**Student:** 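Let me give you the structure first, and then I'll get to my questions.
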Amino acid sequence: QKIERAEEDTVAFTVENGIAWVKFNRPEKRNCMSPKLNRQMGKVIADLEFRDDVKVLVLTGEGDAWSAGMDLKEYFRETEAQGLGMIRKSQREAYSWWERLRWYEKPTIAMVNGWCFGGGYGPLFACDIAIAADDAQFGLSEINWGILPGGGASKVVADLMPLRKAMYHAMMGENLTGKQAEEQGLVTEAVPADRLKARVLEIAEALAKKDGHALRATKWAVRRMTEMTYDNAEDYLIRAQEALHNFGGVEARKEATRQFLDEKSFKPGLGTFDT
Ligand code: ACO
């Protein structure tokens, strides 16, 4: 039957034990991204970003898709029918939440449970860590319907995959399994589908125990590095470390050092200090 989903229902989320589980919630449309979904996702992630009870955000999909990319009907056809102003508005609504997620204050994990196409590579790349089911399917299907991988998707594969693999992937429009996506650098790790949630939970719980300010500084630093010269990187990292001091970094480091050197209660090489 046809489902008319209200804007608020295009995204679902729960917060449990410091972890926000955010879902693309249009399973009947394979979670493709419509303007409504993009607006709602923008609101949801903004609301979660500074909540004290959220330490980690997981982005996943309801049903058998992660996201089937942009909505060919509502994002492309219907928007284009309304002219350039509406096209640009819809682009901004999509790109802005991906950008916010790329520079999110909290660590983020993409839990890729199924189909991931085209525009889905934007939020996929935005997440710091991506764990896929072995049998998830990844595709730059743009070429199959006569466009190029826009909305950052070409940039995503060029940044994450070896160039030969990225080029083949973009030109051929053949899908990769989760396992292949792992081998080619598109995701961090692929696991059997029945272990997906447990593995993501394990990572999220480990991240939730670490110092949030140091994590934020770390993820932003690593993202910045790819576009910096060595000298600029070195300088940026000194400043970023010093900026961390505004958030209690000096005290945290002193305490961690004390626990290691004096109390001998933990080893940084083997685990996280007690915050
Ligand atoms: N845009 C609009 N509608 C979509 C999209 C999409 N990207 N993906 C799925 N749907 C809709 C289908 O039209 C269908 O709607 P209906 O029930 O009203 O007929 C419903 O979702 C279910 O889709 P099916 O195709 O029936 O599902 P199935 O499980 O057989 O196939 C698959 C899943 C392979 C994901 C298929 O839906 C598909 O190829 N989707 C398009 C994927 C794609 O190429 N996305 C665009 C990438 S390019 C970009 O994002 C810029």
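Since this is a predicted model, take the numbers as computed values, not measurements. Order of appearance sets the numbers: ligands from 1, and atoms from 1 within every ligand. Index from 1, following the sequence. Both backbone and side-chain heavy atoms feed into the values below; hydrogens, waters and symmetry mates do not.
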**Student:** Just by distance, no angles: are the side chains of Gln180 and Gln184 close enough, under 3.5 Å, to form a donor-acceptor pair?
**Tutor:**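 Side chains of Gln180 and Gln184: no pair found under 3.5 Å.
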
**Student:** Going by atom types only, do Asn31 and Trp66 share a side-chain donor-acceptor pair under 3.5 Å?
**Tutor:**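 There is no such pair between these side chains.
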
**Student:** Other hydrophobic cluster members with Met167, side-chain heavy atoms of Ile/Leu/Val/Met/Phe/Trp/Tyr under 4.5 Å, chained?
**Tutor:**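 Members alongside Met167: Met171.
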
**Student:** For ligand 1, list all ligand N or O to protein N or O distances below 3.5 Å, rounded to 0.1 Å.
**Tutor:**
residue	atom	partner	partner atom	Å
ligand 1	1 (N)	Leu72	N	2.8
ligand 1	7 (N)	Ala68	O	3.0
ligand 1	7 (N)	Met70	O	2.9
ligand 1	15 (O)	Lys29	NZ	3.3
ligand 1	18 (O)	Lys2	NZ	3.0
ligand 1	18 (O)	Lys29	NZ	2.6
ligand 1	21 (O)	Glu28	O	3.4
ligand 1	27 (O)	Arg30	NE	3.2
ligand 1	27 (O)	Arg30	NH2	3.1
ligand 1	29 (O)	Arg30	NE	2.9
ligand 1	29 (O)	Arg30	NH2	3.2
ligand 1	44 (O)	Ser141	OG	2.5
ligand 1	45 (N)	Ala68	O	2.8
ligand 1	50 (O)	Met70	N	2.9
ligand 1	50 (O)	Gly119	N	2.9

**Student:** Between Tyr121 and His169, how do the two ring planes meet: parallel, tilted or perpendicular, split at 30° and 60°?
**Tutor:**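 Geometry flag for His169 against Tyr121: parallel rings.
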
**Student:** List in chain and number order the residues that pass side-chain hydrogen bond (donor to acceptor under 3.5 Å, both in side chains) with Lys165, two or more places apart in sequence or in another chain; answer none if no residue qualifies.
**Tutor:** none

**Student:** Please tabulate, for the side chains in residues 58-65, all donor-acceptor contacts under 3.5 angstrom to protein atoms that are two or more places apart in sequence or on a different chain.
**Tutor:**
residue	atom	partner	partner atom	Å
Thr60	OG1	Met111	O	2.9
Thr60	OG1	Asn113	OD1	3.3
Glu62	OE1	Lys23	NZ	2.9

